[in-house]
Amino acid sequence: MPVKIKIEKKEKHTRARLGKLTTPHGEVETPIFMPVGTQATVKTMTPEEVKETGGRLVLSNTYHLYLRPGHDLVKEAGGLHKFMNWDGPILTDSGGFQVFSLGPLRTITEEGVEFRSHIDGSKHFFTPEKVMEIEQALGADIAMAFDECAPYPCEKEYAVAALERTTRWAERCKRVHKREDQALFGIIQGGVFPDLRERSAKELLAMDFPGYGIGGLSVGEPKELMYEVLDQLMPIMPEDKPRYLMGVGSPDCLIEGVVRGVDMFDCVLPTRIARNGTVFTHNGKLTVRNAEYARDFRPMDQQCDCYACRNYSRAYIRHLIKTDEILGIRLTTIHNLHFIQHLMQNIRQAIREDRLLEYREDFLKVFNAG
Ligand SMILES: Nc1nc2c(CCNCC3CCCC3)c3[nH]c(NCCc4ccccc4)nc3cc2c(=O)[nH]1
């Protein structure tokens with residue numbers, strides 16, 4: 001069994017669980033936030049810095065690595081762990097979301113998806129079989145099945161067609177997935193329709209994957225609607241399998257997801273807004289590049305003990321960002337990753353002490369007040 005979750009504790013008042021996820025590259029605590037390293041790097045960070053911020057499992061992407069540098073090259077390098085010098089667990093997304101996000105640049109058929117590269121416009125064809133070949137060559141510990149993520153909003157008929165294709169493609173992925181040291185996760189679709197979510201879950205649960213992605217969310221729907229879908233879906237999910245809410249998220253969504261029984265999260269948000277000069281603080285977001293911080297010699301977040309907040313002022317980091325000095329976005333990235341990992345650590349502690357709802361209230365009262 002390459003990947004399994006052991007539930008250490010269930011929080012008394014919610015569906016939250018404290019767990020240990022065992023993988024061929026080590027064991028990680030859940031609930032876990034997984035930093036995104038789309039092109040085999042968490043942008044601007046060395047692996048040591050990712051670890052220093054609290055990162056333990058990183059994501060990468062089939063779509064991007066297939067286009068550049070090519071999965072055959074990564075395989076020749078000894079696989080993704082060796083290529084990017086990351087000795088912890090890695091998860092690769094299947095590219096389902098990426099090729100569907102390409103909009104008019106793609107054509108969907110039962111066989112697969114024809115798409116044009118966002119780099120040079122060249123034509124490519126992803127089938128479940130092709131994606132499994134790529135993910136097995138990359139060698140991540142967890143590989144996501146090739147799925148179809150329905151947009152929001154969409155007609156119920158569209159959501160039905162996408163979930164049915166996702167189920168058929170999951171079968172095709174499972175049939176050709178041979179790597180024993182890699183876990184294949186199915187991805188649940190069904191849009192925002194409770195009956196379709198239940199149907200997609202049941203069809204995929206019947207295939208007995210070692211873990212499940214919850215896809216088709218964080219695609220523009222109101223947060224309350226995402227929470228409602230989770231409230232309806234989680235009760236039918238098996239307790240002994242990891243639940244991975246894909247593409248989430250912001251501090252409030254992470255807490256709300258854990259409350260509803262989610263174990264794993266990924267999102268580009270913390271690293272992406274950092275590169276735009278915006279950081280999370282206990283009092284909400286702060287755009288350090290704004291003029292108001294030009295002579296502000298305090299740290300970005302006075303309650304933070306990350307490397308950036310211990311050694312540099314808002315004024316200095318603003319100066320770096322305004323002058324396009326690379327150190328600037330490195331410092332905001334270090335801070336945002338540390339902030340999110342520290343939040344996850346506090347959430348895990350709150351589960352241990354059965355006070356997650358109090359923690360949610362305390363954190364959001366201050367975070368949203370900012
Ligand atoms: N296979 C698959 N992937 C999905 C993803 C990608 C998850 N991150 C992959 C990483 C691997 C490398 C790249 C990312 C999603 N991301 C989001 N929302 C992100 C929303 C967002 C976008 C930008 C900023 C903040 C939030 N919803 C998602 C749904 C699905 C889905 O159904 N199927």
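Model, not experiment: these values are computed from the prediction. Counting starts at 1 for both ligands and their atoms, in listed order. The analysis underlying the following values was restricted to heavy atoms, covering all of them including side chains, and did not include hydrogens, waters or symmetry mates.
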task: Output all residues satisfying salt bridge (Lys or Arg N to Asp or Glu O under 4.0 Å) with Asp231, sequence neighbours left out; order by chain, then residue number.
output: Arg260
query: According to the interplanar angle, ranging from 0 to 90°, do the rings of His25 and His81 count as parallel (below 30°), tilted (30 to 60°) or perpendicular (above 60°)?
result: parallel
What are the polar N/O contacts of ligand 1 with the protein below 3.5 Å, with distances?
from, atom 1, to, atom 2, distance (Å)
ligand 1, 1 (N), Asp93, OD1, 2.8
ligand 1, 1 (N), Asp93, OD2, 3.3
ligand 1, 1 (N), Asp147, OD1, 3.1
ligand 1, 3 (N), Asp93, OD2, 2.8
ligand 1, 8 (N), Asp266, OD1, 3.4
ligand 1, 8 (N), Asp266, OD2, 2.8
ligand 1, 18 (N), Ser218, O, 2.8
ligand 1, 18 (N), Ser218, OG, 3.4
ligand 1, 27 (N), Leu217, O, 2.8
ligand 1, 32 (O), Gln189, NE2, 2.9
ligand 1, 32 (O), Gly216, N, 2.7
ligand 1, 33 (N), Asp147, OD2, 2.7

Check: Thr92 side chain, Thr62 main-chain N or O, donor-acceptor pair, under 3.5 Å: no
statement: Across all chains, not counting sequence neighbours, the salt bridge (Lys or Arg N to Asp or Glu O under 4.0 Å) partners of Asp208 are Lys241
- prompt: How would you list, by chain and number, every residue that makes a salt bridge (Lys or Arg N to Asp or Glu O under 4.0 Å) with Lys12, sequence neighbours excluded?
  reply: none
- prompt: Under 6.0 Å between the ring centres of Phe339 and His282?
  reply: yes
